[in-house]
Protein chains: 2
Amino acid sequence: MSIVTPPARLPLRERKKLRTREALIDTALEHFTDRGFDGTTLDDLCAAVEVSKRTFFRYFDSKEDVAMAPTQDLWAAFLDDLQTRRPTGGPLLTLLQDTLLAALDRMPAEGWAERVLLTRRLAARTPSMNAHGLQFCDRTTRGAITILRERFGLTDPHDLRPRLALDMMVAAFHCALEEWAFQPGPVSRDDLTARLRDAFAAIPGSVTMTVA
Amino acid sequence: MSIVTPPARLPLRERKKLRTREALIDTALEHFTDRGFDGTTLDDLCAAVEVSKRTFFRYFDSKEDVAMAPTQDLWAAFLDDLQTRRPTGGPLLTLLQDTLLAALDRMPAEGWAERVLLTRRLAARTPSMNAHGLQFCDRTTRGAITILRERFGLTDPHDLRPRLALDMMVAAFHCALEEWAFQPGPVSRDDLTARLRDAFAAIPGSVTMTVA
DNA sequence: AGGTTTATGCCACTCAGTGGCATAAGCTCC
DNA sequence: GGAGCTTATGCCACTGAGTGGCATAAACCT
């Protein structure tokens, strides 16, 4: 769980901040995984990183937040891509899929996947972390809707389809993540990409699926 | 915001418990709405209902929980119906829609809708309540999957479609709820039913929708 | 009425999260 | 290579959610 070397030429102060941030994230994931989320107090964590609790809260909004950072990076990239990527016409769901895959592709090849894995496994056994993650998804979804409205002229607020499509994307993402995080063997970012493709591909079938 | 009269012939003790429960829920919704969720302390609330804080936590798991009770009743009914209703063959999504509508139909015609309305509007401006609600949906969804597996022989754990279909149902529900809760004019349970139908109807279109 | 069960109240405690203010570390410009 | 500014950090005291333990009281059951 090594501290990421800050990317070269930043002012010293910024480099230090990055280092503390990374240290907090990694130590948190480590302690939460070993002793459980509730079994780790912020005082423990802060002591381990040699930082005051006051400082912790200048970096993160909550105890849950620190463990969610890697996943939040992905969604931030997603919103960013949605805002800036050249729009390809066609099915909205395909656009969303491509944008998410592009965002995923921008995540650091080194270390990111491992952290997200820990995050997910933690969330699965820590209700408050799960709740926090879901809330974050919800916020992101709303942000995405705003962008879609602006960039694609989907201005009718009573057209439910954009929102539904986004929620499907999120559903596919969660499916993929869960399959990926609880499968035995090594995990990689590419593996997640593949599962994400599968999940998206399963969407049409899930609408028409019949039973009994 | 009147206290619901306990349904006739229960032992006195049980009737009292029901009353305190209702009083806590209604007073909480009232105070949270007036003074905000964060602007109301549990001590305030408990003082208003004349109950000790210790007792509060014997009825509800958290401050958020008390304001979510009416919505949770709906989902409890949904799971119950999913477990017990005679299964009609056909599209899974239709089955889910019918089950949810049936559950909705079982909610008290009197007072329930008003409470859910307050709950939703509160959740919209209180992140921790929103998070709590989403987490509850997630738990319910997982419960529903288990039931689907048992009752409809959907045993393949790698078939993502049931989970996706359930998430679509939840998405439709959230859409409907939001439209319903933020629309001007009076609100009724039947109105919610109608909007729920609309939201479900929009699902196929949201999968195929194209842009730009 | 008398004994059992079960809900409630009270008290002391832990821990997440916040506000305010003093200090120290990094930055900037002469 | 300091003087002076800016910004991050530390410290302290505080609020409020949530919990455990134990004593009391209310409802239940002959």
Side-chain angles (χ1 to χ4, degrees), chain A residues 6 8-25 27-29 31-32 35-69 122-123 126-133 135-136, chain B residues 6 8-25 27-28 31-32 35-69 122 126-133 135-136:
Chain A
R9 291 301 101 204
L10 277 170
L12 173 57
R13 196 190 270 161
E14 296 305 314
R15 267 180 292 160
K16 278 202 170 180
K17 284 199 333 193
L18 271 210
R19 268 219 306 274
T20 346
R21 191 187 147 81
E22 299 287 342
L24 281 171
I25 295 173
T27 315
L29 286 175
H31 283 212
F32 292 170
R35 320 174 188 174
F37 182 80
D38 292 325
T40 311
T41 68
L42 281 184
D43 289 322
D44 290 348
L45 175 57
C46 291
V49 186
E50 292 181 296
V51 148
S52 79
K53 203 173 58 166
R54 201 68 191 78
T55 295
F56 174 90
F57 282 106
R58 289 194 186 94
Y59 283 89
F60 302 99
D61 289 336
S62 69
K63 192 182 174 186
E64 288 81 19
D65 212 37
V66 64
M68 292 288 182
L122 271 168
T126 312
S128 83
M129 269 190 61
N130 195 33
H132 195 270
Q135 217 272 336
F136 178 78
Chain B
R9 291 301 102 205
L10 277 169
L12 172 57
R13 196 189 271 161
E14 296 304 315
R15 267 180 293 160
K16 278 201 172 182
K17 283 195 340 190
L18 270 210
R19 268 218 307 275
T20 352
R21 191 188 148 83
E22 300 286 341
L24 281 171
I25 294 174
T27 315
H31 284 213
F32 291 171
R35 319 173 188 176
F37 183 80
D38 293 324
T40 311
T41 67
L42 281 183
D43 289 322
D44 290 349
L45 175 58
C46 291
V49 187
E50 292 180 295
V51 148
S52 79
K53 203 172 59 165
R54 202 69 191 79
T55 296
F56 174 90
F57 283 107
R58 290 197 184 93
Y59 282 89
F60 302 99
D61 289 337
S62 70
K63 193 182 173 186
E64 288 80 19
D65 212 37
V66 64
M68 293 289 182
L122 272 168
T126 312
S128 81
M129 267 190 63
N130 195 32
H132 196 272
Q135 217 271 337
F136 178 77

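Computed from a predicted structure; not experimentally measured. Throughout, a chain's letter reflects where its sequence line sits, starting with A, and its residues are numbered from 1. As a basis for the values below, the full set of heavy atoms in this structure was taken, side chains included, without hydrogen atoms, waters or symmetry mates.
- One atom, CG of B:Leu24, and another, P of C:dA7, lie 15 Å apart when rounded to the nearest Å.
- Minimum interatomic distance between A:Ala69 and A:Ile25 (heavy atoms only, all atoms of both residues): CB-CD1, 3.6 Å.
- Residues of residues 51-62 of chain B that place a heavy atom closer than 4.0 Å to DNA chain C, in numerical order, are B:Val51, B:Ser52, B:Arg54, B:Thr55, B:Arg58, B:Tyr59.
- If you take CD on B:Glu14 and CG on B:Leu18, they are separated by 7.5 Å, rounding to the nearest 0.5 Å.
- At whole-Å resolution of the value, NZ in A:Lys63 and C1' in C:dT18 are 17 Å apart.
- Side-chain contact check for A:Tyr59 versus A:Val66: every heavy-atom pair is 4.5 Å or farther apart.
- As judged by a 4.0 angstrom heavy-atom cut-off over every strand, A:Thr40 is placed among residues touching the sugar-phosphate backbone only.
- Side-chain atoms of B:Arg21 and B:Lys17, non-hydrogen and from C-beta on, never get closer than 4.5 Å to each other.
- In this entry the distance linking CZ of B:Phe32 with P of D:dG16 reads 13 Å, nearest Å.
- Summarising the geometry, the separation between CG on B:Leu42 and P on D:dT15 is reported as 16 Å, rounded to the nearest angstrom.
- A distance of 10.0 Å separates CG in B:Leu122 from OG in B:Ser128, rounded to the nearest 0.5 Å.
- Atom pair A:Leu45:CG and C:dC15:C1' shows a separation of 14 Å (rounding to whole Å applied).
- The NE2 atom of B:His132 lies 4.5 Å from the CG atom of B:Asp65; values are rounded to the nearest 0.5 Å.
- One finds the CE atom of B:Met68 at 7.0 Å from the CG atom of B:Asn130 (value rounded to the nearest 0.5 Å).
- At whole-Å resolution of the value, CD in B:Glu14 and P in D:dC29 are 10 Å apart.
- As rounded to whole Å, 15 Å separates atom P of C:dA12 from atom CG of B:Asp43.
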Between the protein and nucleotides 2-6 of chain C, are there any N/O to N/O pairs under 3.5 Å, and if so, what are the atom names and distances?
residue : atom : partner : partner atom : Å
C:dT6   : O4'  : B:Arg13 : NH1          : 3.4

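- Using a 4.5 Å cut-off on side-chain heavy atoms (C-beta onward), A:Phe37 and A:Lys63 make contact.
- Regarding B:Asp44, its CG atom lies at a distance of 14 Å from the P atom of D:dT15, rounded to whole Å.
- Of the candidate nucleotides C:dG17, C:dT8, C:dG26, C:dG26 has the atom nearest to the side chain of A:Lys16.
- Atom CG of residue A:Leu42 and atom CG of residue A:Leu24 lie 10.0 Å apart, to the nearest 0.5 angstrom.
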